[in-house]
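Report on the structure given below.
Just so we're clear, the structure is a prediction, and the values are computed from it rather than from any experiment.
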Amino acid sequence: MNAKHAYNAIFKVVNLIEQGKVASYGQVADLAGLPGRARLTGKALGHVPTGLKVNWHRVLRSNGQIAFPKGSELARLQCALLQEEGVAVFNNRVRMKDFQWQPDLYILLHELDK
DNA sequence: CGAATGACCTTAG
DNA sequence: CCTAAGGCCATTC
């Protein structure tokens, strides 16, 4: 599997995350068939092809923290986007217990197997 | 081609 | 709560 396919798989998984829910980089990597490559997820989200819409703001660190330094432009943006979707963000962080995405395995297999 | 660099993770202290 | 260390690996320099 080359990098291009990996990126596609990642984008696909990220776009499957439902509104009002969040997932971690590692979780996305796993579901995309890239176990142990959480960093690649971050890499991918940092190089989204222009014109392609990706729900990057629903992806957080495994502990629920936003991956950007607090106060940075991107952090503020991600915060705002999440709150618009009903996800409570406190001090640059989300309570994973309350908002973590529970993937629908049926849809997941159906979507990724093509 | 080797070294540095990340939108990371987990465990241990 | 925090730091440190070890693992991961595509991309860039």
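Listed by chain and residue number, Phe11(A) satisfy the side chain to side chain contact (heavy atoms under 4.5 Å, CB included) test with Asn8(A) (two or more places apart in sequence, or in another chain). Among residues two or more places apart in sequence or in another chain, the side chain to side chain contact (heavy atoms under 4.5 Å, CB included) test is passed with Glu73(A) by Arg76(A). Evaluation of the side chain to side chain contact (heavy atoms under 4.5 Å, CB included) rule for Asn15(A) yields Val54(A), Asn55(A) as partners, not counting sequence neighbours. Listed by chain and residue number, nothing satisfies the salt bridge (charged side-chain N to carboxylate O under 4.0 Å, His left out) test with Glu18(A) (two or more places apart in sequence, or in another chain). In terms of the side chain to side chain contact (heavy atoms under 4.5 Å, CB included) criterion, residue partners of Arg61(A) (sequence neighbours excluded) are, by chain and number, Tyr25(A), Asn63(A), Gln65(A), Ala67(A).
Counting heavy atoms from C-beta outward, Cys79(A) and Ile66(A) have side chains that approach closer than 4.5 Å. For the pair Val59(A)/Val22(A), no side-chain contact is recorded, criterion being any heavy-atom separation below 4.5 Å from C-beta on. In this structure, the side chains of Leu40(A) and Tyr7(A) come closer than 4.5 Å at one or more pairs of heavy atoms.
Contacts between chain A and DNA chain B, taken as any atom within less than 4.0 angstrom of a protein heavy atom, begin and end at dG6(B) to dT10(B).
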With a 3.5 Å cut-off and sequence neighbours excluded, list the donor-acceptor pairs that the side chains of residues 90-101 of chain A form with protein atoms.
residue, atom, partner, partner atom, Å
Asn91(A), OD1, Lys70(A), NZ, 3.0
Asn92(A), ND2, Phe68(A), O, 3.3

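Using a 4.0 Å cutoff on non-hydrogen atoms, the parts of residues 51-70 of chain A near DNA chain B are Trp56(A), Arg61(A), Ser62(A), Ala67(A), Phe68(A), ordered by number. A heavy-atom distance below 4.0 Å to DNA chain B is reached by these residues of residues 17-26 of chain A, ordered by number: Ser24(A), Tyr25(A), Gly26(A).
Here the shortest heavy-atom pairing between Ala32(A) and Ala9(A) reads O-CB, 3.8 Å.
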Notebook entry, point to check: Taking protein heavy atoms under 4.0 Å as touching, what does nucleotides 1-13 of chain C look like 5' to 3' if B marks base contact, S marks sugar-phosphate-only contact and - marks none?
Noted result: S-----BBSBS--
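Separating the P atom of dA7(B) from that of dG6(C) is a span of 23 Å, rounded to the nearest Å.
Separating the CZ atom in Arg58(A) from the CG atom in Leu60(A) is a distance of 11.5 Å, to the nearest 0.5 Å.
The list of salt bridge (charged side-chain N to carboxylate O under 4.0 Å, His left out) pairs with a residue in residues 24-34 of chain A, not counting sequence neighbours, is empty.
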